[in-house]
Amino acid sequence: MWREGMARNHRVFIAFAIEDQWARDRLVGQARNHRTPFEWTDMSVKEPWATDWRNRCRTRIRGCDGMIAFVTRNTSAATGQRFEIRTAREEGIPLMGMYATQENRPYTIPEELHRIPIVDWTWANISTFLSRL
């Protein structure tokens, strides 16, 4: 079922630090709510890959319409998440940063997110991003 105003179900990769998995889980849960004004297929890596994870991750990101990257104080030290963000930029995948909470905003933004919009976590911000994909 397509939601009003959405032309199709977008494939979105959600990049997050492992410590922020709760945010990814909450966002995916929100998307399943029938009152949510957006819809997508979550393509994020849900389990660590033991071998060749960078190539497998790049392939998955390349197949997405966009990426939402959670931004918290954990992001700077999250080498996997930073690789995912860097890969999206290299592959030309539209990218939006989203603060997971007001209280856990980073003191500095990692280099991979420079010149990328970072917005508050709202349905309106997510819908606007998805409508541009």
Side-chain angles (χ1 to χ4, degrees):
M1 175 175 106
W2 305 121
R3 302 264 165 54
E4 184 178 332
M6 298 303 293
R8 64 186 180 100
N9 186 7
H10 297 287
R11 293 167 53 102
V12 176
F13 192 99
I14 303 170
F16 59 95
I18 194 66
E19 298 86 355
D20 300 322
Q21 184 169 349
W22 65 269
R24 180 223 159 258
D25 294 347
R26 184 171 162 219
L27 180 61
V28 170
Q30 281 183 339
R32 292 182 182 133
N33 183 322
H34 72 279
R35 292 179 296 172
T36 302
F38 51 81
E39 184 171 354
W40 76 80
T41 300
D42 171 31
M43 296 299 293
S44 61
V45 176
K46 296 163 191 74
E47 304 174 1
W49 289 317
T51 60
D52 200 29
W53 76 269
R54 288 180 186 257
N55 289 332
R56 292 177 70 187
C57 188
R58 182 176 295 277
T59 299
R60 185 172 285 195
I61 290 169
R62 193 180 295 138
C64 290
D65 301 306
M67 176 184 283
I68 296 173
F70 276 108
V71 180
T72 70
R73 291 184 191 141
N74 298 317
T75 304
S76 290
T79 56
Q81 180 188 20
R82 291 177 68 177
F83 169 78
E84 293 165 350
I85 295 166
R86 201 167 38 255
T87 299
R89 292 185 78 157
E90 290 168 0
E91 297 293 337
I93 303 299
L95 172 64
M96 175 182 73
M98 189 165 63
Y99 292 115
T101 67
Q102 294 293 321
E103 301 79 31
N104 194 15
R105 290 182 180 213
Y107 301 112
T108 60
I109 301 298
E111 177 183 321
E112 292 82 358
L113 288 166
H114 287 182
R115 296 182 302 280
I116 298 297
I118 303 174
V119 299
D120 289 330
W121 184 346
T122 67
W123 286 4
N125 285 336
I126 296 167
S127 291
T128 297
F129 175 69
L130 293 176
S131 71
R132 293 180 181 157
L133 298 180

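Predicted model only: the values in this text are computed from it and were never measured.
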Minimum-distance pair of heavy atoms, taken over all atoms of [X] and [Y]:
{"X": "Ile109", "Y": "Pro106", "result": "CD1-CG, 3.8 Å"}
{"X": "Gly80", "Y": "Trp53", "result": "CA-CH2, 3.9 Å"}
{"X": "Pro117", "Y": "Leu95", "result": "CD-O, 4.2 Å"}
{"X": "Glu84", "Y": "Phe16", "result": "OE1-N, 4.1 Å"}
{"X": "His114", "Y": "Arg89", "result": "O-NH1, 2.9 Å"}
{"X": "Cys64", "Y": "Val12", "result": "SG-C, 4.2 Å"}

What is the distance from atom [atom1] of [X] to atom [atom2] of [Y], rounded to the nearest 0.5 Å?
{"X": "Gln81", "Y": "Ser76", "atom1": "CD", "atom2": "OG", "value": "9.0 Å"}
{"X": "Ile61", "Y": "Ile85", "atom1": "CD1", "atom2": "CD1", "value": "9.5 Å"}
{"X": "Arg82", "Y": "Thr79", "atom1": "CZ", "atom2": "OG1", "value": "8.5 Å"}
{"X": "Ile68", "Y": "Asn125", "atom1": "CD1", "atom2": "CG", "value": "10.0 Å"}
{"X": "Met98", "Y": "Asp120", "atom1": "CE", "atom2": "CG", "value": "10.0 Å"}
{"X": "Leu133", "Y": "His10", "atom1": "CG", "atom2": "NE2", "value": "5.0 Å"}

Is a side-chain donor or acceptor of Arg73 paired with a backbone partner of Glu103 at a separation under 3.5 angstrom? yes
Just by distance, do the side chain of Arg11 and the backbone of Gly63 share a donor-acceptor pair under 3.5 Å? yes
Where do Arg24 and Val28 land on the side chain to side chain contact (heavy atoms under 4.5 Å, CB included) test, with the steps shown first? CA-CA 6 Å; Arg24 180 223 159 258; Val28 170; 4.0 Å; yes
So Thr128 and Val119, do their side chains get closer than 4.5 Å, heavy atoms only? no
Less than 4.5 Å apart, side chain to side chain, heavy atoms only: is that true for Ile126 and Trp121? yes
Arg58/Glu91 salt bridge by N-O under 4.0 Å criterion: yes
Given the rule in the side chain to side chain contact (heavy atoms under 4.5 Å, CB included) test, do Asn104 and Asp20 qualify, once you have shown the distances and angles that lead to the verdict? CA-CA 10 Å; Asn104 194 15; Asp20 300 322; 4.3 Å; yes
Can Phe70 and Thr75 be said to form a side chain to side chain contact (heavy atoms under 4.5 Å, CB included), step by step? CA-CA 8 Å; Phe70 276 108; Thr75 304; 5.9 Å; no
Taking the six-membered ring of Phe13, is NZ or CZ of Arg60 closer than 6.0 Å to its centre and within 45° of its axis? no
